[in-house]
Amino acid sequence: MEIKLTQFSRGSGCGCKVSPAVLEEILRDTGENFLSKNLLVGNETKDDAAVYDLGTGTALISTVDFFTPIVNDAFTYGRIAAANALSDVYAMGGKPFLAIAILGFPTEKIPAAIAQQIIAGGKSICKEAGVSLAGGHTIDSPEPFFGLSVTGIVPIKNLKQNSTAEQGDLLFLTKPIGTGMLATAVKREILCENEIQHAIDFMCSLNTLGEELGKHEFVHALTDVTGFGLLGHLIELCEGTNLSAEINYSKVPLMKGVKDLCAKFVYADNTMRNWKAYEGKVHGIGSESLLTLCDPQTSGGLLVAVNEKSEMEFLSLAAQNNFQLESIGRFTSPKEKLIYIL
Ligand code: CO
Ligand code: CO
C-alpha cells in the first residue's frame with residue numbers, strides 16, 4: 001500500500017500554523033511570566049527564538065518548530081521539517097548544536113517504517129548542520145507531525161534580532177517565494193511532486209548564512225520567512241522598530257511555476273488568513289502580489305536588513321556564499337501604513 005503523507009494533513013508545512021489573530025488571542029491574558037534578567041530575547045518582539053545570556057559573553061538560543069507533512073515522501077518531509085526548525089537559530093545569528101525530535105503519527109494507519117524514514121530525514125539534515133539529534137518524544141496522533149526543538153549558541157556581539165532595523169536599510173531575501181502555493185498544487189494534484197523538486201531543494205537547504213551574517217555589523221536585523229509569509233515577517237520587523245518599509249515587487253524572487261499558479265488562483269488556505277491579518281497595514285497590493293507576499297513559506301529564506309552604505313560589502317559576502325542577491329526594498333521613516341508595495 002502506498003502511503004501519501006499529505007493526505008493525512010489538512011494544512012501543510014508552515015501553512016498549518018494558527019493564524020496571527022488566533023495566536024494573539026491565545027497569548028493574551030495568560031498571566032505574568034517569570035522574566036529572568038538574563039533573558040535577552042523573549043516573546044515580546046515575536047522573534048525567531050528565545051535568547052538567554054549565559055554570562056560569559058555567550059548566549060543560548062532555544063526554539064521549537066514542527067508541522068504536518070508538506071510532501072508525500074517521508075524522508076524528504078523529515079529533511080524539510082528539520083531544516084525549517086534549525087533556521088530559527090541561524091536567524092538569530094547563531095549556531096545550532098543540539099536537537100530533540102517531536103513526532104506524532106497515527107500508529108494504526110501509518111507503519112512505523114514510515115515514521116522511521118521521517119526521523120532518518122531529520123537526522124540527515126542535523127548531520128549536515130553539525131547538530132546532534134539527541135532524543136525526542138513520540139505520540140499517537142490522527143494527523144502526522146514532525147519537528148525539532150533546537151538549542152544553539154551565539155557570541156552576544158553576533159546576536160541578530162528582528163526589531164533592530166534602521167531607516168534607509170536595504171532588504172534582501174535569500175530564497176525565492178512560493179512553497180505554500182507549490183505544495184498546494186501538489187496536494188490538489190495539479191502538479192506532481194517531481195515538478196516541484198526545485199522548491200523541495202530550497203526547503204532542504206540550510207540557512208547557515210545567518211550564522212555568517214551574525215559576524216557583520218552592517219546586518220542590522222535578521223529573521224526567516226515562514227508561515228506568515230514575506231509580508232507578515234516584514235511587518236514584524238517594521239513593528240519592532242517603528243518604521244515603514246517599501247517593497248519593489250518586481251525584485252521579489254519567485255519560484256518556478258508560481259506566476260502560473262497565481263493566474264490560476266491556486267494558493268494555500270492560509271494565504272487569505274494571513275492577508276486578513278495584514279490588510280490594514282499594507283498599501284499597493286495587487287492580485288498577484290497578494291498571493292505571493294502572503295504565501296506561507298516552509299523553511300523559507302532569510303530576510304536581511306542591511307545598512308545601505310554597506311550594500312557592496314553585503315553583496316560580495318553573499319556571493320562568496322553562493323547567493324546572487326538583489327535588494328527587494330528598504331526601510332523608510334514611519335508612515336501611515338507599515339508596508340508600501342511599489
Ligand atoms: Co522564524
Ligand atoms: Co519558528
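Remember, it's a predicted structure, so these values are computed and weren't measured experimentally. Both ligands and their constituent atoms are indexed starting at 1 by order of listing.
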- So which of the N, O or S atoms of Asp48 lies nearest the Co ion (ligand 1)? OD1

- Query: Would you say the ring centroid of Phe145 lies under 6.0 angstrom from that of Phe66?
  - Reply: yes

- Item | the Co ion (ligand 1) - name of the N/O/S atom of Asp224 that sits closest to it | OD1

- Task: Determine whether more than 12 heavy atoms belonging to other residues, nucleotides or ligands lie under 6.0 Å from atom CD of Gln197.
- Result: yes

- Query: Within the stated cut-off of 2.8 Å, is an N/O/S atom of Asp88 closer than that to the Co ion (ligand 1)?
  - Reply: yes

- Item | Check: Phe314 ring centre within less than 6.0 Å of Phe172 ring centre | yes

- Query: Hey, is Glu212 close enough to Lys95 for a salt bridge, meaning N to O under 4.0 Å?
  - Reply: no

